[in-house]
Amino acid sequence: MPATPSHDETKCMPGADAPLGLAVLERRLAHDLECLGWPAKPWMPPQPDEDGLPVLDVAVIGAGQAGLAVASALAQQGIRAVVFDRAPRDLEGPWATTARMETLRSPKELTGPALGLPALTFRAWFEAQFGTDAWARLDKIPRLQWMDYLRWYRRVMAVDVRNDTTVTAVRPRADGKVQLDLVTPSGIQRLLARRVVLATGRDGLGGPALPSFVQTLDRARWAHSSDAMDYGALRGLRVGVVGAGSSAMDSAATALESGASSVDLLIRRDDLPRVNKSKGAGVPGLTQGHFDLQDERKWRLRHYINVASVPPPHGSTLRVSRHPNARFNFGCPVLSVAQDGGALRVQTPRRAFDFDFLIVSTGFRIDWHSRPEYAAIAPHVRAWKDRFVPAPGQDDAELADSPDLGALFELQEKTAGECPGLERIHCFCYPATLSHGAVSGDIPAISDGARRLATGMASLFYREDFAYHFARLEAYDDPELLGDEWVPA
Ligand SMILES: Cc1cc2nc3c(=O)[nH]c(=O)nc-3n(C[C@H](O)[C@H](O)[C@H](O)COP(=O)(O)OP(=O)(O)OC[C@H]3O[C@@H](n4cnc5c(N)ncnc54)[C@H](O)[C@@H]3O)c2cc1C
């Protein structure tokens with residue numbers, strides 16, 4: 001007969017509402033990890049210092065959800081990663097700094113970076129603190145709560161993150177190591193890593209895509225939607241927002257809530273897209289199969305999603321439109337902007353607008369030149385445009401600039417032999433999407449990408465270190481039988 005569940009166990013059952021508390025969840029997670037043998041026992045060869053520099057097995061640049069997930073997935077494989085982030089502790093990624101939406105755009109049920117561990121999901125973390133009824137009532141995940149969850153994730157998975165540390169140079173070498181230069185709180189440092197993961201985010205290989213018209217404007221008169229900025233400074237001002245994507249809505253709403261006298265959205269299209277094709281594409285077959293699709297199909301799919309454009313969320317749009325001083329101006333691509341003193345005159349095909357401040361919400365682009373840390377590799381990275389010609393009518397600058405990655409997200413040389421060691425750098429950020437699908441940044445499939453990279457790296461390391469492992473095998477003498485278990489007939 002099954003044992004009667006203890007009081008604590010009944011509280012884990014669906015429907016029971018009293019929150020367990022984080023301490024109970026953390027014990028459950030620790031037990032799950034122990035049952036799964038996670039982290040695996042160390043098995044990699046020790047790395048002595050070289051040229052007086054420490055040698056890491058894996059250095060991860062970026063401690064956002066991608067960096068945390070990949071470091072945890074590597075731990076499952078018994079591979080230690082050190083994660084560097086220029087952001088101060090607890091402020092990694094956009095969530096608590098430059099993001100301005102009230103809630104995440106993703107549905108709450110997605111399991112994000114939980115790597116298949118139920119006790120590591122946002123839901124488990126939330127229910128442990130607020131109960132199952134609160135979970136049922138929750139519509140979408142509040143933005144700052146997601147950041148709190150990631151802070152907890154880092155702690156319970158014991159990810160080795162070094163904050164306030166900027167990677168200023170990434171230099172592959174021909175001897176199987178990549179040299180990293182760092183600016184740390186204790187000064188400039190240099191180290192070597194056998195493999196490097198670029199988990200550097202949505203703008204991970206570039207920065208904001210800035211329209212040319214901002215170049216002549218006073219920098220105090222405009223911002224990109226991803227800029228860190230005090231929106232309180234917009235109080236009483238006439239604000240123009242260029243674009244109508246999710247971040248445009250978030251910027252417009254924040255400006256209105258901060259007391260802007262008016263906000264005009266300048267929208268190129270004649271209507272807002274209604275359907276999120278990217279969400280519709282997300283099925284497990286694509287998550288696992290994208291990399292193996294023919295190039296033409298990869299391109300067709302991503303181009304189709306780009307052209308359809310992702311609509312801003314329902315709630316974010318209402319957050320703007322509920323203000324009487326918000327205006328949605330369709331068919332208004334910016335033709336020119338002229339500055340006269342503090343005022344900006346923006347010309348569109350429909351009419352001219354006068355603003356005090358302009359926010360351009362024009363997305364991000366791959367731009368190696370805006371990232372000095374990549375100066376040594378930028379000229380050598382093969383992009384899709386270097387070898388693929390899209391079908392007529394499917395030109396797409398974002399896709400053309402995307403790095404053409406190998407099966408483990410590794411960068412590949414434009415010209416063979418010109419940058420030995422480049423393949424030791426793995427691109428685990430948004431620009432990997434054309435090669436691998438959406439598995440390297442966004443919440444839905446980040447665990448799939450992290451596991452793909454971590455298991456693949458375990459294989460790479462083993463093959464590379466075969467001689468070491470074979471010698472250990474020869475020296476291995478842990479007996480299963482002592483010889484006294486039987487008597488010969
Ligand atoms: C405003 C906004 C809202 C979003 N909302 C959603 C959403 O609701 N759902 C969803 O699925 N996706 C969303 N995304 C997309 C994606 O999930 C996020 O961009 C997410 O932050 C990606 O995680 P990441 O770990 O790849 O990158 P990030 O979280 O951006 O982390 C990258 C880290 O790399 C560090 N870094 C970069 N370069 C260096 C360097 N040289 N040295 C040291 N550190 C460096 C940065 O400091 C940063 O902390 C959103 C993106 C944005 C911008």
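First listed ligand is number 1; within each ligand, the first listed atom is number 1. The structure displayed is predicted, hence computed values, not measured ones.
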inquiry  = Taking 4.0 angstrom as the limit and counting only heavy atoms of E92, give me the atoms of ligand 1 inside it, by number and element.
reply    = 49 (O)
Contact (N/O only, under 3.5 Å) between P444 and ligand 1 = no
key: Contact partition for I61 relative to ligand 1, non-hydrogen atoms under 4.0 Å   = side chain
message = Evaluate A66 for polar contact with ligand 1, using N/O atom pairs at a separation under 3.5 Å.
response = yes
task = For K298 and F291, indicate whether the former's side chain and the latter's backbone hold a donor-acceptor pair under 3.5 Å.
result = yes
inquiry  = Tell me the nearest of A99, A87, P94, S247 to atom 21 (O) of ligand 1, using heavy-atom distances.
reply    = P94
key: Contact atoms of ligand 1, heavy-atom distance to M101 under 4.0 Å   = 3 (C), 4 (C), 5 (N)
ask   = For ligand 1, which part of R105 has a heavy atom less than 4.0 Å away: the side chain, the backbone, both, or neither?
value = both
ask   = Between Y153 and Y149, what is the ring plane arrangement, given parallel below 30°, perpendicular above 60°, and tilted in between?
value = perpendicular
task = May I ask whether W95 places a heavy atom under 4.0 Å from ligand 1?
result = yes
task = Say whether S72 and W38, considering side chains only, have a donor N or O and an acceptor N or O under 3.5 Å apart.
result = no
Donor-acceptor contact below 3.5 Å, side chain S435 vs main chain P403 = yes
request  = Answer with yes or no whether R143 contacts ligand 1, where contact means a heavy atom under 4.0 Å from a ligand atom.
outcome  = no
query = Any N/O of T166 closer than 3.5 Å to an N/O of ligand 1?
reply = no
request  = Return yes if a side-chain donor-acceptor contact under 3.5 Å exists between Y430 and E398, otherwise no.
outcome  = yes
query = Could R302 and W299 be counted as a cation-pi pair, given that NZ or CZ must be under 6.0 Å from the ring centre and within 45° of the axis?
reply = no
key: ligand 1 contacted by R100 (non-hydrogen, < 4.0 Å)   = no
message = Keeping S440 on the side-chain end and C429 on the backbone end, is there a donor-acceptor pair under 3.5 Å?
response = yes
remark   = Checking heavy-atom distances from atom 42 (N) of ligand 1 to each of L68, D442, V167, V60, the winner is V167
request  = Report yes if F428 has an N/O atom closer than 3.5 Å to an N/O atom of ligand 1; otherwise report no.
outcome  = no
task = Kindly identify the option in R86, M147, Q65 whose heavy atom sits closest to atom 36 (N) of ligand 1.
result = R86
inquiry  = Check the orientation of F130 and F126. Use parallel for under 30°, tilted for 30 to 60°, and perpendicular for over 60°.
reply    = tilted
remark   = Of A63, G363, S106, S251, the one whose closest heavy atom lies nearest atom 9 (N) of ligand 1 is S106
ask   = Does atom CZ of R235 have more than 12 heavy-atom neighbours, drawn from other residues, nucleotides or ligands, at distances under 6.0 Å?
value = no
Proximity flag T165 to ligand 1, non-hydrogen atoms under 4.0 Å = yes
Counting only pairs under 3.5 Å, give me each side-chain donor-acceptor contact of residues 73-94, with atom names and distances, residues two or more places apart or in other chains.
{"residue": "R80", "atom": "NH2", "partner": "D160", "partner atom": "OD2", "Å": "2.8"}
{"residue": "D85", "atom": "OD1", "partner": "A87", "partner atom": "N", "Å": "2.8"}
{"residue": "D85", "atom": "OD2", "partner": "A63", "partner atom": "N", "Å": "2.7"}
{"residue": "E92", "atom": "OE1", "partner": "D90", "partner atom": "N", "Å": "3.4"}
{"residue": "E92", "atom": "OE2", "partner": "D90", "partner atom": "N", "Å": "3.2"}
{"residue": "E92", "atom": "OE2", "partner": "R154", "partner atom": "NH1", "Å": "3.0"}
{"residue": "E92", "atom": "OE2", "partner": "N163", "partner atom": "ND2", "Å": "2.8"}

query = Any idea which part of A199 is under 4.0 Å from ligand 1, heavy-atom wise: side chain, backbone, both or neither?
reply = backbone
ask   = Can you check whether G363's main-chain N or O pairs, donor with acceptor, with H224's side chain at less than 3.5 Å?
value = yes
